[in-house]
Colleague: 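Sharing a structure, written as C-alpha cells. Questions coming.
Quick caveat, the model's predicted, so the values are computed rather than measured. Naming: A, B, ... by sequence-line order, numbering from 1 per chain. Heavy atoms only: backbone and side chains are in, while hydrogens, waters and symmetry mates are out.
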Amino acid sequence: MNSARREVRLSRAGKVFVAFTLAIGFAAVNTGNNILFLLVSLMLAIMILSGMAAMVNLWHIELHMPAGQLLSAHQPAALQIELRNERSWGAWLLELQMGSARARWPYLRAGDTVRISLPWTAQERGQPPLPELLLGSSFPFAFVWRGRYRAIPRADWPWVAPAPGRWEALAQADNAEGARLDPGAGGQGDLLYLRPREEREPLQRVLWRRSVWQDPTSGLGPYLPVVERERDGDEELWILDWDALALAALNREERLQVLRAGLDLAVAQGRPWSLRLPGFAMNGRGSLGQLRALEALARQRPWPEYPPAERRQGVSRWSRSAAWWRGTRAS
Amino acid sequence: MRPDPQGWVTPILVAGIALVLFLAIGNDALQWPLLLWLPATLWSLWAGPRDRTFPLSGRLRFLALLSLMLMAVAVAGLGNWLTMASQILILALSFKALELRQLRDVYQVSALALLGLGIAAWLRVDLALGFYLLLEVLLVPLALLWQGYWDARREQGALLAGRSGDGLVPLRRLILFDLGFVLLLLPLLVLFFLLLPRTPTPLWHWGAAAGTAVSGFQAKLDPSDIRQLSLDPAVAFRARIQGTLPRPDELYWQGAILWRDDGGANWSRGLPPAADFPQAQRADAHGDGASWRETVLLSPGAHEFLFSLGQMQAVQSSRPVERLPDGTWRLREPSQEPLRYTALANPAGEFSPLPASLRAAALQLPAKIDPQVADLARRLRGGDSQASVANILHWFASSGFRYSLKTPAAYPRGQSLSDFLLRTHEGYCEYYAAGLALLLRLDGVPARVVVGYRGGEFNPVGGFYVVRQSMAHAWVQAWLPGRGWVRLDATPAAPGSTTTDSAAAGQGAVLSGGAGLWNWLQWQWLNWVIQLTPAKQRSLWSAGGSMLQNLGHWQGPRLPRVQTLWQHGTHLGLLAGGLMAVGGILLLRILRRRTGGGEVELWQRRARRRLQRAGLGDSRPGTEFAALARAGLPQEERRRLADLIRRQRYGPRADRAGDEALKRGLRAIRRRRGLGMGRN
C-alpha cells in the first residue's frame, strides 16, 4: 500500500457546489419533488465520480529529478523536474508544488515525458534537502485540489555550489593577458557553435555530424564540436588554492566562497586557473572546466549543517478542518 | 492577430448550454431578453478566438445588468415570478456571454444552468425535461473541463509554444472523457435517486408544473367544456391493465357519475345522500374477485376523480382518496400534480335492488321539458324497461343521427337539446348522453350520465393504454331489473375522426414504433421519476433486501415476489445495464486504440512495472541493469535475467511467456533477498 501523504483542498467553487447540493437537497426533502431529488442525486454522483476521476488522473504519473543538476547558493535557479505519464491515457492539469513554487502542465499525453522548471533558491552549499514536492491536480472540475507528496531519491538532489564570497581576500595581480576563448556562436571557419573542450573529455562524446548539431535549440549543446587551445607559456595562471595563506583565517565555507569568487572572476576574464582542494585538483581556462570546478566546490566535505527540510507539520484536527474550509493547505 | 480556433470552444459550449435551457423553459423563454442574448452570444463567438474583452467596464456592465433586471421585474409584473425569473436568467446569460474569460465565468454559467433547470422543473415534468437535463449534464461538465484546460494552457503559453500542433486533440479527448463520465454517472445517479429518503408528508408544497397543465376533466356535463377537451391531443392518463384485456369498443374509463338533470344538455353531480345507497355498494377493501388490476398514471392537470375500467373496488394511491356512495372514487383534495394509483375493478356493477330514494334521484327531470320531447319519449316507451331502452336506442340508430363537433349552421348561437333530438340530429357525445338519459327518465327507466373517457391507444412497448383528452366522453347508465346499472351509449362514430368516436366504432388504435417508444419512455419517466413515492421506494428497498437475502441463501430469488415489485423495472434495468456495459467496453477499446496501446507495448509496460515493484530501477531506461548488477546474483542467473529484461522491457517481441519468465526470475530475487543471500 502506498503510504505517501496526500493533500486535499476544497476550492471556493467546490464549496459553492457543496452549498448548492445541500440547499437543493434540503428543498427536495422538504418538498418531496422528485425533479429536485434528481438534481441532488446528479450533484452527489458528480461529487463522487469527479473525486475518483481526480485520483485516477494521478495514477502512474512518475516524477524524476534529472541527476547532476548544479545550482548556486543564494541564486534563484530553475530546478528541472521530469514528469512521465506511464498510462495509456492522458493526464490533465498536473501541478507541481515545492514550497511556494508552483508549475502547471495542462495535458500530458499517454507515455509522454515533460520537463518542468520550478523556481528554487538554495540557501546552503552541498546537497541541502529539498522541500517536499507535491504533485497534484484540480482535474476534472477544479472543485477539489488533490495531490500526493513525492519523495525524490537523495542521489538525484541537485548539488549547490557556494555563493561567491569576497574575492579581495585572495586578490592577486591581474597582469597577464591570456587569450580569450569565445564559447559562443561563430568563430572558426565554417564550424558554427564551437565550444571549449572540457578537461579529459573523451572525443567519442562529441557529435560530429553536422545534421545533428545544426539546430541550436535541440538541446545538444554539450555535444557540439569542440576546440581546445594550449596555454601560452608566459600566461599567468590563477591558483585557487584551499591552503593559501590568505585563507587560513577563514572557516571552511568562507574559503569555498572566496574560491568560488575567484573562479567566477577567472571565468569572466577568460584566464587560465587551477583549483586545488583537499583531494581534488584541476586546471581550466575561462569557462572551460567551470562546471566541474563548481561541482567540486559543492561536493567538498564536510557539508554545512542543514536546517530541517521544509516539511509540513501535523496539525490539529480543528486547524485542519478550518484550513480545509478556508481552502488553504493543511495535512 | 490571427484568431485561435480553440478560442471558439467555450463560447460555443456556453451558447449550447443556454439554448438547451431555453428549450427546457419553453414558451417562457421567448421573451425580449432573447434579443440581447443573441448579439451577446455572437459577440462572444467573434471575440473568443481573438481574446478580446468587451469595451464596457465591469462596473458599467453590472449596472446595465441591474437596470435590465429591474426592467424585467417591471415588465413581468410582481407575482408573475416564473416569467420574471426566466427573463432575469436570460439577461444574466447574455451578460456572462460578454465575459467568458476564465473558469470562474464558466462556473457562473453552470450555476445559472442549475437555476434554469430549477425554473424548468416548475414549468414541466415531462420526459423532454429529462432529455434536456441529460444534455446539460453533457455540456456543462465539458465546458468546465475545457475551460480548466484552456486556462492552464494559456498560463503556460510560453512553454507550450512549441506544441501548438496539439490543435483540437485535447478537446476530442475531453469529449471522450465527458461521455465516459456521463456513462458512469447515470447508474450512480439512479442509485442515489432510489436511495435518498423521502418524507411521506413534505413540509412545503411544490405546486404543479405550471406550464404543462392541460384543461382537464370536469365532473359536469357542459357542451362547451367537452368540446374543448375533444380537440386536445394531450395525454390525460396512461393505464396498464392486468387481467383479460377488454375489446377496444369496451374501453370506457369511468370518472364521475352525474345524477341531476339541470335542463338542456347540462347535468351536474347531484349525488344522493349516502344513506340512500344500499350497504352492498360499499367499498371492498381487498378487492376480492376483481377482474382487473389497473395501474393508472394521471398526467399533470386538474384532478379530482379517478378513472378506471368498470367499477373500482379498491384503490391504492400516494394521495388520500375516498369512495363516494355511488361507487366513484375521488381525491380528498383536488391536485394539479401527476398521480399514480392502482385500482382493482370489476366490469359489472351491483345487482342489488334499487332503493326508492335512489330510484327517485335517477328519475329526476328538469323543471321545464319541451312537450315535443315528452311526446317523443311517449312514442318510444315499451312494455317494460328493457323494451323502452331497445326502442330508444333503435330510434337513435335509425333516425339519421350523426356525430359533429360543429354547431349546426342554422343555430349559430348553439342548439338546445330539443333542437338536437327533434330537428338537427347532429351533435357530440354530451347531446347524445343528455338526450338518451332524458328520454329514458321520461319513459320511467332510472338513468344517470357518466363522464370519463372512451377508447385508448394501445402501446405494445410497455403494454399500456394511452388515453388522451380528445377521448373525453359521456354516456349513460340505465337501471334494468336483474341486471343493475347497464351502460348505454347512443353516440355514433365520427367519420374519419380520431376523436372519441373512432373508438366508439370499435377501431382500437395502436401506437406505431417511434410514438410507442416515446410514449413508453414517458410512462417510465412518470412512473419511476416523477411518481417515485415513499411507499414505492420502500417496496424497492424491500425487494432489494429480499433479493440479497435470497442470493445469500443460494436458493435463488423468490421470483414471484420480486417479479411483482420489479415487474416494470427489471427489463429496463437489464437493458440499461447491458447497454452501459457494452458502451463502456466500446469506449475502452476506442481509448486503447487512440492511445496506441498495442500488445507489445502492453507487455513492455507490464515488465517496467514488475521491475519497479521488485526494486530494480525506476522508469528511466537502463536503471534496472545497474540495479541488477548490485543485486549480487550468480553470474549465470544475472545474465539470464538481463536477457529477459532486454526482451520484455525493450524488445520488439515482448509477450506473455516472457512476462511469466520475468515474473519467476524476479520472484527468485525476492526470495534470495528474504533469505539474506543478496550479497555475497
Colleague: A:Arg102: what forms a side chain to side chain donor-acceptor pair (under 3.5 Å) with it, not counting sequence neighbours?
Modeller: A:Glu95
Colleague: Quick one: side chain to side chain donor-acceptor pair (under 3.5 Å) pairs with a partner in residues 107-121 of chain B, sequence neighbours left out?
Modeller: B:Lys96-B:Gln108
Colleague: Nearest heavy-atom pair of A:Phe37 and A:Ser41: which atoms, and what distance?
Modeller: O-OG, 2.6 Å
Colleague: How are the rings of B:Trp146 and B:Trp150 set to each other: parallel, tilted or perpendicular (split at 30° and 60°)?
Modeller: parallel
Colleague: Taking non-hydrogen atoms and a cut-off under 4.5 angstrom, which of residues 131-142 of chain B neighbour chain A?
Modeller: B:Leu133, B:Val137, B:Pro141
Colleague: B:Arg610: which residues meet the salt bridge (charged side-chain N to carboxylate O under 4.0 Å, His left out) condition with it, sequence neighbours left out?
Modeller: B:Asp659
Colleague: What part of B:Pro187 lies closer than 4.5 angstrom to a heavy atom of chain A: side chain, backbone, both or neither?
Modeller: neither
Colleague: So, the side chain of A:Gln80 versus the backbone of A:Arg115: is there a donor-acceptor pair under 3.5 Å, distance only?
Modeller: no
Colleague: Identify which part of B:Leu129 has an atom lying under 4.5 Å from any heavy atom of chain A, answering side chain, backbone, both or neither.
Modeller: side chain
Colleague: Where does the angle between the aromatic ring planes of A:Phe17 and A:Phe143 fall among parallel (under 30°), tilted (30 to 60°) and perpendicular (over 60°)?
Modeller: parallel
Colleague: I'd like to verify something: which residue of A:Val40, A:Leu38, A:Val16, A:Leu93 has the highest number of heavy-atom pairs under 4.5 Å with chain B?
Modeller: A:Leu38
Colleague: Sort A:Ala142 into side chain, backbone, both or neither according to what part of it lies under 4.5 angstrom from a heavy atom of chain B.
Modeller: both
Colleague: Of the backbone (N, CA, C, O) and the side chain (C-beta and beyond), which part of A:Met43 lies under 4.5 Å from a heavy atom of chain B, both, or neither?
Modeller: side chain
Colleague: With chain B, which of A:Ile35, A:Leu49, A:Ile46 has the greatest number of heavy-atom pairs at distances under 4.5 Å?
Modeller: A:Leu49
Colleague: Which word best sums up how the rings of A:Trp92 and A:Phe139 line up, parallel for under 30°, tilted for 30 to 60°, or perpendicular for over 60°?
Modeller: parallel
Colleague: For the residue pair A:Asn34 and B:Arg198, confirm or rule out a side-chain donor-acceptor distance under 3.5 Å.
Modeller: yes
